[in-house]
Amino acid sequence: MYPIDATFKKFNEVKLIDVMAEKGVYVFWGVGKKHPLYIGEGYLMERLEEGTFRSSWTNGYVTVLNSPYPSKNKRDGEIVEYAFLTHSKEIGCFPTFNKMHGKRKVVKDILKKHDKIRINVRHRNPLKPPSSKNKLSGTIRIYITP
């Protein structure tokens, strides 16, 4: 099994300095929206500098992937992004601005070496609006199998 831990926090629960130069997964929400605006992975600050989602900085979630190995953080981010994009489509809340459905090749490569991928989502459910009461009392486990 290939485990990934993803502790999601609302943007207003993190200090900018803690996420500025870190890779992770982020979910932007619009105020009053029933589905996210965008799900992405990589450096949060780079996405904010683009300007498209600057107004959503206070409305969304982020998890920092903090393995000491940058390539693992990138790979894990792509896997979590893929899982959320796939799941959001299944439950009818696919993000407004995502054009692609994630990088399935990364998932396939991991599944050549492991029987399954398990994503442990903790603290917040990023597929629910930040305005909702979505603090998790436990862990959501997402499994990806061949």
Side-chain angles (χ1 to χ4, degrees), residues 1-114 116-132 134-136 139-144:
M1 178 179 345
Y2 185 87
I4 300 171
D5 291 314
T7 300
F8 279 89
K9 295 183 179 180
K10 289 182 181 183
F11 288 155
N12 63 4
E13 294 174 333
V14 297
K15 294 178 184 169
L16 187 57
I17 194 76
D18 293 338
V19 298
M20 188 178 300
E22 300 294 334
K23 281 192 178 175
V25 177
Y26 41 84
V27 181
F28 290 102
W29 281 82
V31 176
K33 299 292 182 187
K34 294 184 182 185
H35 51 83
L37 294 175
Y38 188 82
I39 296 173
E41 62 79 27
Y43 291 107
L44 178 63
M45 290 308 298
E46 286 180 9
R47 179 62 65 190
L48 288 172
E49 286 172 359
E50 289 176 12
T52 307
F53 301 105
R54 198 170 289 151
S55 63
S56 299
W57 169 239
T58 59
N59 209 29
Y61 304 93
V62 64
T63 184
V64 172
L65 302 168
N66 53 8
S67 161
Y69 307 104
S71 62
K72 181 176 179 357
N73 291 335
K74 176 70 173 168
R75 180 177 56 239
D76 289 358
E78 290 174 343
I79 293 169
V80 173
E81 176 192 40
Y82 172 83
F84 281 177
L85 288 170
T86 300
H87 185 62
S88 68
K89 185 175 182 185
E90 291 170 357
I91 63 173
C93 70
F94 193 79
T96 307
F97 294 104
N98 282 88
K99 304 231 184 309
M100 298 181 56
H101 296 271
K103 297 175 181 157
R104 175 79 177 143
K105 182 182 181 327
V106 176
V107 171
K108 285 182 176 181
D109 289 348
I110 290 295
L111 290 174
K112 288 177 186 173
K113 299 174 189 170
H114 301 274
K116 62 184 154 190
I117 298 168
R118 183 185 70 212
I119 303 169
N120 302 309
V121 178
R122 295 189 176 95
H123 191 60
R124 299 278 183 188
N125 180 348
L127 293 181
K128 295 201 174 204
S131 58
S132 67
N134 66 358
K135 192 164 185 180
L136 299 172
T139 301
I140 296 173
R141 288 184 177 82
I142 300 169
Y143 291 93
I144 304 172

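- Applying the salt bridge (Lys or Arg N to Asp or Glu O under 4.0 Å) test to pairs two or more places apart or on separate chains, those with a residue in residues 105-114 are Lys105-Asp109, Asp109-Lys112.
- Atom OH in Tyr61 sits 9.5 Å away from atom CG in Asn12 (nearest 0.5 Å).
- Once rounded to the nearest 0.5 Å, the distance linking CD of Glu22 with CD1 of Ile17 reads 10.0 Å.
- Residue Val27 comes nearest to Trp29 through the heavy atom pair CG1-NE1, 3.4 Å, listed as atom of the first residue, atom of the second, then distance.
- Looking only at side-chain heavy atoms (C-beta outward), Ile119 and Ile144 come within less than 4.5 Å of each other.
- Distance check, rounded to the nearest 0.5 Å: CG of Leu136 to CG of Asn125 gives 6.0 Å.
- Heavy-atom contacts from other residues, nucleotides or ligands closer than 6.0 Å to CE of Met1 number more than 12.
- With sequence neighbours left out, Ser132 forms a side-chain contact (heavy atoms from CB on, under 4.5 Å) with Lys128, Pro129, Asn134.
- Here the straight-line distance linking atom CZ of Arg118 with atom CD1 of Ile142 works out to 12.0 Å at 0.5 Å rounding.
- Expressed to the nearest 0.5 Å, how far OG1 of Thr96 lies from NZ of Lys33 amounts to 6.5 Å.
- Residues Asp5 and Thr7 fail the side-chain proximity criterion, which asks for heavy atoms closer than 4.5 Å.
- Here the CD1 atom belonging to Ile39 is positioned 5.5 Å from the CG atom belonging to Leu127, to the nearest 0.5 angstrom.
- Using cut-offs of 30° and 60° for the angle between ring planes, the Phe28 and Tyr38 rings count as tilted.
- For Tyr69, the OH atom is loosely surrounded, since the number of other residues' heavy atoms within 6.0 Å does not exceed 12.
- Remark: His35 pairs with no residue by the ring-ring contact (aromatic ring centres under 6.0 Å, His included) rule, at least two apart or across chains.
- Formation of a donor-acceptor pair under 3.5 Å by the Lys9 side chain with backbone atoms of His123 is not found in this model.
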Without placing hydrogens or testing angles, list every side-chain donor-acceptor pair under 3.5 Å for residues 72-80, not counting sequence neighbours.
residue : atom : partner : partner atom : Å
Lys72   : NZ   : Tyr2    : OH           : 3.3
Lys72   : NZ   : Asp76   : OD2          : 2.5
Asn73   : OD1  : Ser67   : N            : 2.9
Asn73   : ND2  : Leu65   : O            : 3.1
Asn73   : ND2  : Ser67   : O            : 3.0
Lys74   : NZ   : Glu41   : OE1          : 3.4
Lys74   : NZ   : Glu41   : OE2          : 2.8
Arg75   : NE   : Tyr2    : OH           : 3.1
Arg75   : NH2  : Tyr2    : OH           : 3.4
Asp76   : OD1  : Tyr2    : OH           : 2.5
Glu78   : OE2  : Lys103  : NZ           : 3.2

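- In terms of the ring-ring contact (aromatic ring centres under 6.0 Å, His included) criterion, residue partners of Phe94 (sequence neighbours excluded) are, by chain and number, His101.
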Give every donor-acceptor pair under 3.5 Å between a side-chain atom in residues 81-92 and any protein atom, sequence neighbours left out.
residue : atom : partner : partner atom : Å
Thr86   : OG1  : Tyr82   : O            : 2.9
Ser88   : OG   : Phe84   : O            : 3.1
Ser88   : OG   : Leu85   : O            : 2.9

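- The two residues Val121 and Pro126 have their closest heavy-atom pair at CG1-CD, 4.1 Å.
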